[in-house]
Amino acid sequence: MRAGIAFLLWVASGLAEASDLRVTVSDGSNQPVADAVVYATPLNPPAPGEHKAAIDQVQRQFVPRVSVIQTGTAVSFPNSDNIRHSVYSFSRPKTFTLKLYAGTPASPVVFDQPGIVVLGCNIHDTMVAWVLVVSTPFFTRTTADGGASLSGLPPGDYLLRAWNNSMTDEQPGKALHVATEPLSPWSLHVDGRAL
């Protein structure tokens, strides 16, 4: 089955050094897509930095279920449930296993390669989460209405992409040029295979 994601974009000029990008993500039926990841990668991406994030386990669910982080981010996996969990990934960008534990493991997991990482729990098969690791600091997730904003984009050339957990692969994206003048509205359509 093929699923589509369409983007309606516009750039509002902000300061002379940066612009804001408003993105609306909808599916092939023109319905808003919540929790889609939208990101703009500069053609010359910055070097990975040291960042921190957390993915909790609450009521036998990963929270958040969909995350986006920059390459080099150290992710902690606190367990807020009163039962033990394990966390694992067999995904190519980051393969790891945290054996059964309560509380928070002493060492976070560093996600040092870009790509899609699927998380699971060896004890609770219904626990699943997705982490999209991107080589850019310019990323966000859409709200319930499918809208998202990327703020503070410096002038330059970017590759604009969107992804959500119904897609098996990242898509090629669309070239975006950010200047100090406002850009006219334009749209982008991305197809993905449903899992």
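All figures in this text were calculated on a predicted structure; none of them were measured in a lab.
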Side-chain heavy-atom pair Leu21, Leu176 within 4.5 angstrom cut-off = yes
What one should report as the nearest heavy-atom pair of Thr104 and Ser76 is CG2-CB, 4.5 Å
Does any N or O in the side chain of Asn165 come within less than 3.5 Å of the main-chain N or O of Val66, such that one atom is a donor and the other an acceptor?
-> no
Same apolar cluster (I L V M F W Y, side chains within < 4.5 Å links), Ile55/Phe96 = yes
Roughly how far, to the nearest 0.5 Å, is the CG atom of Leu98 from the NE2 atom of His85?
-> 12.5 Å
Does any non-hydrogen side-chain atom of Val133 lie less than 4.5 Å from one of Thr73?
-> no
Donor + acceptor pair across side chains of Tyr39, Gln70 (<3.5 Å) = no
Reference residue Ile69; test side chain to side chain contact (heavy atoms under 4.5 Å, CB included); the match among Val75, Val117, Leu132 = Val75
Give the intermediate values and the outcome of side chain to side chain contact (heavy atoms under 4.5 Å, CB included) for residues Thr126 and Arg60.
-> CA-CA 8 Å; Thr126 59; Arg60 297 183 185 174; 5.6 Å; no
Side chain Thr142, main chain Gly147, donor-acceptor under 3.5 Å | no
First locate atom CG of Asp81, then atom CD of Gln61, and finally report the distance between them rounded to the nearest 0.5 Å.
-> 9.0 Å
Kindly indicate whether the side chain of Ile123, heavy atoms from C-beta on, has any atom under 4.5 Å from the side chain of Leu100.
-> yes
Taking all non-hydrogen atoms of both residues, which atom of Phe62 and which atom of Gly120 are closest, and how far apart?
-> CZ-O, 3.8 Å
Scanning both residues in full, the closest heavy-atom pair of Val109 with Phe111 reads O-CD1, 3.4 Å
If you round to the nearest 0.5 Å, how far is CD1 of Ile83 from CD of Gln59?
-> 10.5 Å
Using modelled atom types only, decide if a donor and an acceptor are shared between the side chain of Ser91 and the backbone of Val118 within a distance under 3.5 Å.
-> yes
Provide the closest heavy-atom pair for His124 versus Arg84 in the form atom of the first, atom of the second, distance.
-> CE1-O, 3.8 Å
May I ask you to test the Val128-Arg65 pair for a side-chain heavy-atom distance under 4.5 Å?
-> yes
Determine whether Val178 and Leu160 fall in the same hydrophobic cluster, where Ile, Leu, Val, Met, Phe, Trp and Tyr are linked whenever their side-chain heavy atoms lie under 4.5 Å apart.
-> yes
Are Phe138 and Leu159 grouped together when hydrophobic residues (ILVMFWY) are joined by side-chain heavy atoms under 4.5 angstrom apart?
-> no
Do Val25 and Tyr158 belong together in a cluster built from hydrophobic side chains that touch within less than 4.5 Å?
-> yes
Is there side-chain contact between Asp35 and Trp130, with at least one heavy-atom pair below 4.5 Å?
-> no
Under 3.5 Å: donor-acceptor pair, side chain of Asp20, backbone of Ser149 = no
Could you tell me whether the side chain of Ser86 reaches within less than 4.5 Å of the side chain of Cys121, counting heavy atoms only?
-> yes
Of the non-hydrogen atoms in Pro78 and Ala54, which two are nearest, and what is the gap between them?
-> CD-CB, 4.3 Å
Ile116 and Val110: same hydrophobic cluster, using ILVMFWY side-chain contacts below 4.5 Å?
-> no
Main-chain N/O of Ala40 paired with Thr136 side-chain donor or acceptor, under 3.5 Å = yes
Can you tell me how far the NZ atom of Lys94 sits from the CG atom of Leu119, to the nearest 0.5 Å?
-> 12.0 Å
Identify the two heavy atoms, one from Pro105 and one from Phe77, that lie closest to each other, and give their separation to 0.1 Å.
-> CD-O, 3.4 Å
Please step through side chain to side chain contact (heavy atoms under 4.5 Å, CB included) for the pair Val87 and Gln57, ending with a clear verdict.
-> CA-CA 10 Å; Val87 178; Gln57 295 153 86; 3.7 Å; yes
